[in-house]
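To start, the structure under review is shown below, and the notes come after it.
Along the sequence shown, the residues carry numbers beginning at 1.
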Amino acid sequence: MHDAFEHAPILEKLPLQIECIATYADCLLVGTRQGHLLLYSIKDGSGAIRFKVDLRSSNKLFSKKPILQLTVVEELSILISLSDNVISVHNLETFALLSTLSKSKGATFFAVDLTLKLCVAVKKKIQLYIWRNESFQELPPELGLPDVVRAVAWAGDSLCVGFKRDYSLIKVNTGAATELFSTGKHLEPTIATLPNSGLILCRDDMSIITDSEGKHTQKQSLTWSDTPMALEYVEPYVIGVLPRYIEMRTISPRALIQSIELQKPRFIAKGKHIYVASTSHVWRLVPVALPMQIQQLLQDKQFTLALMLAEIVNEPATEKSRRIESIQNMYAFELFCQKRFDESLQLFARLETDPTHVIGLFEDLLPSDFRKQLEYPDEPPKLLMSETEKGYVALVEYLTQKQDIKAQKNLKQRRQIIDTTLLKCYLQTNDALVAPLLRLKDNNSHVEESERALMKNKKYNELVILYQTKGLHKKALDLLLRQAQKASGPLKGHQRTVQYLQHLGPDHMKLILDFSVWVLKAHPDDGLKEHIIFIWNEIQPRFHNKLINCYREKVQLLTREYLDSLPEGDEPVAPGSEPGELGELRGRLLFLLETSKYYQAENLLTHFQESFYHERALLLGRVGRHDEALAIYIHVLQDSKLAEDMYLDPPHIEGITQVTSNIPAALAILKEHHQKISTAKALELLPATIQVREVYEFLLNVLDEKETKRKQSQVLKSLLFAEHLQIQEQRMFYQAHKIVITDERVCRECHKRIGTSAFAFYPSGEIKHYYCYKDQSSSERSTPRHSPTPEDNRR
């Protein structure tokens, strides 16, 4: 709670009993039970006197009866009053009577909207008027109501009417009424309006917020300390007049703002100023300056309310924007302190706060010296391990959005901080993401910070990736050498060193020579077969043959294991697509056979027999035995695409300077296997220079086949349609007869009532229970007209 208003006495112990009040400009109107109308001028005082109150006029002859309601229309300089159960219009300056709405005799309430339409409640009717030609003119017809009106208010083109027991919404144009809800146990309606034609309707100690259609706009209602006798909305507060208090509350967020104890308040009036009155006292509610209210709220960490007030402060746009941003930053920090990490970081993201300030909220993500330079509203909280992990998850999402920052100062440094922080977060939340992060082309992780974090968590594989992407190859190879000696480590053995050396170019020949020494000493075969071919680009056939045979032996062994592990009935996948190490090695083997120009295919063919069909076809193509290769592609592998590729893009054959595409063979395949080949894709593969007559037979075969399929489809369609018509005819025949079952109809066999049982119908018009009909012992059986259907069972 905070002080939104101050209250100051204006009138005390008035000898006349107050029945209503109204205000305009710096004036206060008081209507009394004795029929007197008092006009006060209220101006700022000086010293101990806060307000200077002058009685400008006292009209004792205003009415002979109590003045129950007053409304000022300042633009027209008129005063509308309800007294002696009639509505009157007066001059605002002299209070002289301008007119009396004679037809309003018996009125109990009235309301005026912004367009100067007047509604008057007269017992169980509502009269409508509009201001024209200096007077209110009636708009027929009257609206009939089910009960006496106790309160009424305009809501757009509708009227909200409060009866003793409930509220209704009435469309003025049509008179259509919609019941809303009850007034509760209090049995007294209280209505206030909102600027957007919304409504505040009281039900006992609750106020329900609706739109002009009567639909609830807030999930929760306002709850008062007692039943309000009057309500008024003064942005952004709803002021409720209770038997002993006035309370100020906000709609969203739903909160009690202030409570002021007064002596039996009853009435409230709003204009340039706000007044509250009892039957003998009047007080003015003076709003506390919004910047002061905001300051109070910030001290109490009521940031949502502070932001709401900051939006309505009357100040230059730049100052308002700066104030709102400052409050939002404080709010985001407070959300973080409350461990509401998602909300906090989402708000920081919308505010485009410097990511380093957000990262600094976590204790161990920035270097301590750097973190000490950051300023926060208070000391960031110490987080427990579980809280830290939850916070890191939210931080990862925030930083992922910030990775694409472009137009900021110190861009390189900020990206470095973001990527390094992401790495540390991944290590704590999802370490499988560390390696992909480090492999990103534009990764900017700080080497030393990342190195320390990875070493601390013993992520040696990721550390190698870090060194590799940062060009620190000697560090990477040193680490691989040390880890290779550990029997149980993730980098044990020599394979990772071999792979690393394979990816180094000729610019790093010294490193290659230095670190290949230990591999060659420990594993001479592996070092020889891979290093020589991939790094030194050796062209001697024996080395290529050796590597191909090594791959073949390993693939052969793994293939047996793979086939043995397949569930019964499952087919093996295509060569090179097998799971795990088998797929990787076979893919490399196929790549070698397709790309290497230096192996001796004729020497390798004898080793590639059963289960190596793809590889054998490649070797056969290399030695010029194309018919055998095509036979494998088409009849064994059943892959016409590979056959097409072989004819249209022939491999290089050692000793033959130029090998041209075998277009006739490719066309022969298209002609013979057109039903198995995509026409569009086949035509795309053919050279652009090929003539139409060369593909004429192929296209003719395709068109013939499609025409045959089209005719077959048409015949089938016609047959199905004819069958459909026969079935429909039969259905119509059976449904054309109506059988009426009454309580008097009995079974011909057992003479019992048919009731709701299934039955059989005979051409003679007789009927039997279906179970009697099925009884083979029944005599004199006749053939029923048709079998019983669900339709026959209807009575």
Side-chain angles (χ1 to χ4, degrees), residues 20-25 29 31 68-82 86-90 92 98-101 103-104 107-122 125-145 149-163 167-178 180 189-202 207-215 217 230-235 238-239 251 267-272 274:
C20 62
I21 59 173
T23 179
Y24 67 98
L29 287 168
L68 301 179
Q69 192 177 354
L70 293 170
T71 294
V72 173
V73 183
E74 196 170 357
E75 298 84 353
L76 301 177
S77 192
I78 61 173
L79 171 67
I80 307 172
S81 69
L82 169 59
V86 70
I87 305 297
S88 303
V89 183
H90 310 263
L92 184 59
L98 299 178
S99 63
T100 298
L101 304 183
K103 197 173 180 181
S104 68
T108 55
F109 208 89
F110 72 87
V112 182
D113 76 346
L114 296 176
T115 62
L116 296 181
K117 284 191 291 187
L118 172 70
C119 70
V120 179
V122 181
K125 296 180 295 183
I126 283 185
Q127 300 170 357
L128 298 174
Y129 299 85
I130 189 168
W131 182 264
R132 287 178 184 160
N133 301 323
E134 304 297 320
S135 66
F136 281 107
Q137 298 179 12
E138 187 178 3
L139 292 173
E142 296 179 338
L143 302 177
L145 302 174
V149 177
R150 292 175 175 264
V152 66
W154 286 94
D157 294 329
S158 302
L159 289 171
C160 183
V161 181
F163 302 109
Y167 294 97
S168 286
L169 202 64
I170 300 175
K171 290 287 184 182
V172 172
N173 296 334
T174 63
T178 302
L180 299 182
T190 302
I191 306 174
T193 58
L194 294 168
N196 57 356
S197 297
L199 296 165
I200 310 174
L201 308 176
C202 276
S207 285
I208 298 167
I209 315 299
T210 75
D211 60 14
S212 59
E213 300 296 323
K215 297 177 181 178
T217 57
L231 294 173
E232 193 61 77
Y233 179 77
V234 181
E235 189 180 22
V238 180
I239 302 175
I251 296 174
F267 315 108
I268 185 169
K270 180 187 75 169
K272 179 181 177 182
I274 309 160

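Of the inter-residue distances, the one linking K103 atom NZ with Q127 atom CD reads 6.0 Å to the nearest 0.5 angstrom. Between atom OG1 of residue T190 and atom CZ of residue R150 there is a gap of 11.0 Å, rounded to the nearest 0.5 Å. Atom CD1 of I200 and atom OG1 of T210 lie 9.5 Å apart (nearest 0.5 Å). The CD1 atom of I78 lies 7.5 Å from the CG atom of L98; values are rounded to the nearest 0.5 Å. To the nearest 0.5 Å, atom CG of residue L82 and atom CG of residue L68 are 5.0 Å apart. Taken from CD1 in I170 to OG in S158, the straight-line distance is 9.0 Å, to the nearest 0.5 Å.
L199 places none of its side-chain heavy atoms less than 4.5 Å from the side chain of Y167. Between I251 and T217 there is no side-chain heavy-atom pair separated by less than 4.5 Å. A 4.5 Å side-chain heavy-atom check between C202 and L231 finds at least one atom pair inside the cut-off. The closest side-chain heavy-atom distance from W154 to L114 is not below 4.5 Å. Side-chain contact between F136 and V120 is absent, with no heavy atoms from C-beta onward closer than 4.5 Å. Looking at L101 and L118, their side chains come closer than 4.5 Å, going by heavy atoms from C-beta outward. A 4.5 Å side-chain heavy-atom check between L159 and L128 finds at least one atom pair inside the cut-off.
Between L169 and G214, the shortest heavy-atom contact is CD2-N, 3.6 Å. The minimum heavy-atom distance between G31 and L70, with the atom names listed, is N-CD1, 3.9 Å. Taking both residues in full, the closest heavy atoms of Y129 and S104 are given as OH-N, 4.1 Å, listed atom of the first, atom of the second, then distance. In terms of heavy atoms, A153 sits closest to I191 at CB-CG2, 3.6 Å. When all heavy atoms of A192 and E232 are compared, the closest pair comes out as CB-N, 4.4 Å. Minimum heavy-atom separation, S197 to A155: O-CB, 3.9 Å.
In this structure a side-chain-to-backbone donor-acceptor pair under 3.5 Å is present from K270 to Y233. A donor-acceptor pair under 3.5 Å is absent between the side-chain atoms of S212 and the main chain of D157, judged by distance alone. Between the side chain of E142 and the main chain of K125, no donor-acceptor pair closer than 3.5 Å is present.
Qualifying ring-ring contact (aromatic ring centres under 6.0 Å, His included) partners for F110, counting only residues two or more places apart in sequence or in other chains: none.
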- Passes side-chain contact (heavy atoms from CB on, under 4.5 Å), W131 versus V73? Steps please. CA-CA 11 Å; W131 182 264; V73 183; over 6 Å; no
